[in-house]
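Comments concern the structure below.
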Amino acid sequence: MTEALPSALPATPGASTASGPAADTALLPLSVTILTRNERHNIAECIASVKAFASQIVVVDNASADGTADIARAAGAEVHVTPDWPGFGPQKNRALSHATQPWVLSLDADERVTPALAADIAAAIAQGTYAGYRMPRLSQFLGHWVKHCGWYPDYVLRLFRREAGRFSDNLVHERVIVDGEIGTLTNHLLHYSYTEARQVEDKVQRYARAGAKEMALRGKRVSPLKPWINGGWAFVRTYVLRRGFLDGATGAAIARMNARSAFLKYALLRRADV
């Protein structure tokens, strides 16, 4: 059962609010870029959340086997299929290379732009005060909204001038690099990150392997204790220091996931299994 979105979301300090419904805005000079791989259950809703205001929607699909590319095309996106996977940063730069509008909004397939956030985006583009904008992201974990664990407010820089921004080349945990000042939007980007238990393990495996590969490419070596130390620290940091215990069983599950991911990343590096 999916937990309903709280009617009153926590305020985000230090942010400015834009007013006006998204429905009142014409198409914005905005390209939305989305990466996909087997996202048939997400991609249509993601596209629907931006279709009313984005001039261009670009989907770069990594050879999905579940019809994701066809669903994206039917939903109105411009789809580019790539057979290889160079890592998150390089793949997002591929998507960026297809953007034609002055502004870019980078989304994941499991994210949704609310009408309130769309209004913020429209106001930010109209004002053009900053080269990029970050926004608070509110995430779900197996149907529960997460307010602690270091997950909230999870500010993510996703809106930027096309000519002023690019993605880092990190294989995982990539970031937007913007030449200019960064502003902050108020309303939330919604993130339906894990809807099934199997997705948790799939993502742990994928991110741990990518992280291990990135360290191996840098020539990093670790001691036999490193997987255990980092795994234990990840649990303590999430559950205690970041107050995951306030999210109850959900917080404990996230702490275990983070611990397993950290342990596995260093264990794979030790085994050179990347």
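You'll find the side chain of Asn258 stays beyond 4.5 Å of the side chain of Phe235, heavy atoms only. Counting heavy atoms from C-beta on, the side chains of Leu189 and Leu107 come closer than 4.5 Å. Residues Ile254 and Arg242 fail the side-chain proximity criterion, which asks for heavy atoms closer than 4.5 Å. Considering only heavy atoms from C-beta on, Val156 comes within 4.5 Å of Met135 through its side chain. With a 4.5 Å cut-off on side-chain heavy atoms, Ile57 and Val50 count as touching. Considering only heavy atoms from C-beta on, Leu142 stays 4.5 Å or farther from Thr250 through its side chain. Between Val113 and Leu105 there is a side-chain heavy-atom pair separated by less than 4.5 Å.
Side-chain N or O atoms of Ser64 include none that pairs as donor or acceptor with a backbone N or O of Gly67 at under 3.5 Å. Side-chain atoms of Ser55 come within 3.5 Å of backbone N or O of Leu28 as a donor-acceptor pair. For the pair Ser139 (side chain) and Ser193 (backbone), a donor-acceptor distance under 3.5 Å is absent.
Ion pairing between Asp202 and Arg206 fails under the 4.0 Å rule for side-chain N and carboxylate O. For the pair Arg161 and Glu163, the salt-bridge criterion is not met [side-chain N within less than 4.0 Å of a carboxylate O]. Salt bridge annotation for Asp61-Arg73: absent, with no cationic side-chain nitrogen under 4.0 angstrom from a carboxylate oxygen. Between Glu214 and Lys220, none of the side-chain N atoms (NZ, or NE/NH1/NH2) sits under 4.0 Å from a carboxylate O, so this pair counts as no salt bridge. With salt bridges taken as basic N to acidic carboxylate O contacts below 4.0 Å, one links Lys92 and Asp108.
Between Trp103 and Tyr133, the ring planes are tilted. Angles from 30° to 60° get that label. Between His188 and Tyr152, the ring planes are parallel. Angles under 30° get that label, and only those over 60° would be called perpendicular.
Lys203 forms a cation-pi arrangement with Tyr194, by the criterion of a distance under 6.0 Å to the ring centre and an angle within 45° of the ring axis.
Counted within 6.0 Å of CD on Glu45, heavy atoms from surrounding residues, nucleotides or ligands total 12 or fewer; the atom is thus considered open.
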Checklist entry - Should His173 and Phe88 be marked as a ring-ring contact (aromatic ring centres under 6.0 Å, His included) after you check the CA-CA gap, both sets of side-chain angles, and the distance that decides it? => result CA-CA 8 Å; His173 302 308; Phe88 283 97; 8.5 Å; no

Checklist entry - Can you list the steps and then say if Asp120 with Asn187 is a side-chain hydrogen bond (donor to acceptor under 3.5 Å, both in side chains)? => result CA-CA 7 Å; Asp120 273 4; Asn187 287 291; 3.2 Å; yes

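A pairwise comparison of heavy atoms in Lys147 and Asp247 identifies N-OD1, 3.4 Å as the closest pair. Summarising the geometry of Asp84 relative to Asn62, their closest heavy-atom pair is O-ND2, 2.9 Å, with the distance given to 0.1 Å.
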